[in-house]
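Within every chain, numbering begins at 1; the chains are lettered A, B, ... in the order of the sequence lines, protein sequences first and strands thereafter.
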Amino acid sequence: MKHNYDVAIIGGGIIGMGTGCYLARKGIKIALIEREYLGSGSTGRCIGGIRQQFSTSTSIRLMRESIELFSKMEEEFGFPVEFHQGGYLLLAHSEKMVDIFKANIEIQKKEKVNVSLLTPGEANKVVPHLNLENLHAAAYCPDDGQAFPFAVLKGYKQQIERHKGALFLHNKVEKIEKTNPFVIMLQDGTRIESEKVLLCAGPWTAEIAQTIGLDLPLSPERHEAIITERMPKFLEPMVVDYREDGCYFNQFISGQICGCYTPIPNVPGIRDDASFEFVPNVAWRMTRLVPAIKNASILRHWAGCYTMTPDGNPLVGESPVDGLYVASGMSGHGFMFGPAIAKHLAHYIIQGEWDTDFSEFSINRSFENRESLK
Amino acid sequence: MSDNILICRCEDITEEMVKEALDSGITTLEEIKRFLRAGMGPCQGRTCGPILRSMLARKLNTSLQNIEEWRKRPPLKPVTVSAFIQVEGEES
Ligand SMILES: Cc1cc2nc3c(=O)[nH]c(=O)nc-3n(C[C@H](O)[C@H](O)[C@H](O)COP(=O)(O)OP(=O)(O)OC[C@H]3O[C@@H](n4cnc5c(N)ncnc54)[C@H](O)[C@@H]3O)c2cc1C
Ligand code: FES
């Protein structure tokens, strides 16, 4: 069977579904192709954290916009996406970290983020029973929060269907052909023809780009998480411990505690196997900060991918192949950036120019002398 | 009324919610679990799993054997955080 579309979107994660929604609403004829089910990549494995505490104006502005979009979703979709603004509390256990926080807060305040530097005593009011040992200060934004990724995907899916977008699920893209229009071959033999292609396949993006001869500086790495049984709510914000043996965790509105840490060294590759050392490590790291967590029961442990770029910023825009757009390299923030990136990227694909500054995420930027920030 | 029967007691998921999910085009147990959280409770789906499986088989007009089980995630039974620290805590 042959199909014709304006834009073919490869990948049913937050980026593909969000951009698909905004394109379809503008009357663009889209096809969205997903190899498994929606959210089966990184989006369904993330813990749904949403924060504005970034270090550059572009990221902060986008995140302010994303929060605005998350807060309107319940009304737009007609059901809750479990958006909850419990805040983010970032901990500094060294003077060097305090200086980094201070510099970031200055930029964040310029962008009107409601953020402040707290003394350990003040941090203790935000998280009672917080272990204050070696704590120098904390950065706190009460407007940061979380949402449930699958509810957001469901909302976008319904919008895409309402605006006559086509979904090809459980069907893998084998190859993109650089013809005019593009030809996309699916696993089951379906042939899709499309004027433009948006490649947003998360960790698999570089692999698919290769089929059209495009090299992208993307490297997936494994990140793990655990979730506990429900406990009475005692933890409002996401707590982030930046020490080398630190971790980050929050408690969902439903009461489960979800915890992660960034492994050092990183674990490269597209993999979702869960390691032996993760659970005891994360258990120790979380209870070191909030001892009450020791009574929680761990229900599940899983792994997924961050897709990294050399400087830790996403890769978003038109590629050197005319008509082929890329959005990947979302690191640990693709879910939270998703709605805002989707909205601007849809505009860019339709109009051919950005309606806000995306140069920091440009595919053509130089990666020399840039260190990655997670 | 009958659609309000609880299918997943751990996560408060009713028959009506499962039917709505099946009507939206869901075709695997994994998706039911992810989108609804059915099967994600303390019993890890031991109670609701078989019912969900047969509901899905009926909806897809196929036999139970054709419905792939959901992926098992460690630990299979809830274990307290403190147990992990006592056994293998790296830095303790
Ligand atoms: C443990 C963990 C915790 C995280 N916590 C957070 C957090 O708190 N906040 C936050 O913002 N982010 C977090 N992240 C990061 C976040 O999950 C990602 O940045 C984000 O989900 C990326 O979305 P995406 O749409 O780019 O990619 P994905 O969600 O990976 O979507 C890509 C899709 O493409 C599909 N695909 C791949 N190849 C093909 C093919 N050949 N044909 C068709 N389809 C294909 C995949 O199946 C997949 O569904 C976390 C990640 C992990 C692993
Ligand atoms: S009844 Fe569904 S998880 Fe226990």
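Among all heavy-atom pairs drawn from B:Phe84 and A:Ala283, the shortest one is CB-CB, 4.1 Å. Listed here is the closest heavy atom pair of B:Thr80 and A:Asn295: CG2-O, 4.2 Å. What you find for B:Pro78 and A:Leu299 is that their closest heavy atoms are CG-CD2, 3.7 Å.
No more than 12 heavy atoms of other residues, nucleotides or ligands shown are found within 6.0 angstrom of CZ on B:Arg9. Within a 6.0 Å radius of CD in A:Glu76, more than 12 heavy atoms belonging to other residues, nucleotides or ligands are found. Within a 6.0 Å sphere centred on NZ of A:Lys233, other residues, nucleotides and ligands contribute more than 12 heavy atoms.
With a 4.5 angstrom heavy-atom cutoff, A:Leu167 does not touch chain B via any of its atoms. At a 4.5 Å heavy-atom cutoff, the contact between A:Gln256 and chain B is made by side-chain atoms alone.
Your options are B:Cys10, B:Pro75, B:Gly25, and the one with the most heavy-atom pairs under 4.5 Å with chain A is B:Pro75. For the options A:Lys157, A:Gln158, A:Glu229, heavy-atom pairs under 4.5 Å to chain B are most numerous at A:Glu229.
The shortest distance between side-chain heavy atoms of A:Pro280 and B:Ile85 does not fall below 4.5 Å. B:Gln44 is listed as a side-chain neighbour of A:Arg300, based on a closest heavy-atom distance under 4.5 Å. For the pair A:His170 and B:Thr27, the minimum side-chain heavy-atom distance is below 4.5 Å. Side-chain atoms of B:Phe35 and A:Leu38, non-hydrogen and from C-beta on, do get closer than 4.5 Å to each other.
To the nearest 0.5 Å, the span separating CZ on A:Arg230 from CD on B:Glu11 amounts to 4.5 Å. Atoms OG1 and CZ, on A:Thr43 and B:Arg34 in that order, are 11.0 Å from each other to the nearest 0.5 Å. Here B:Arg37 contributes atom CZ and A:Phe252 contributes atom CZ; the two are 7.0 Å apart, rounded to the nearest 0.5 Å.
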Determine, stepwise, if the pair A:Lys154 / B:Glu20 fulfils salt bridge (Lys or Arg N to Asp or Glu O under 4.0 Å). CA-CA 12 Å; A:Lys154 178 178 157 187; B:Glu20 189 205 313; 3.4 Å; yes
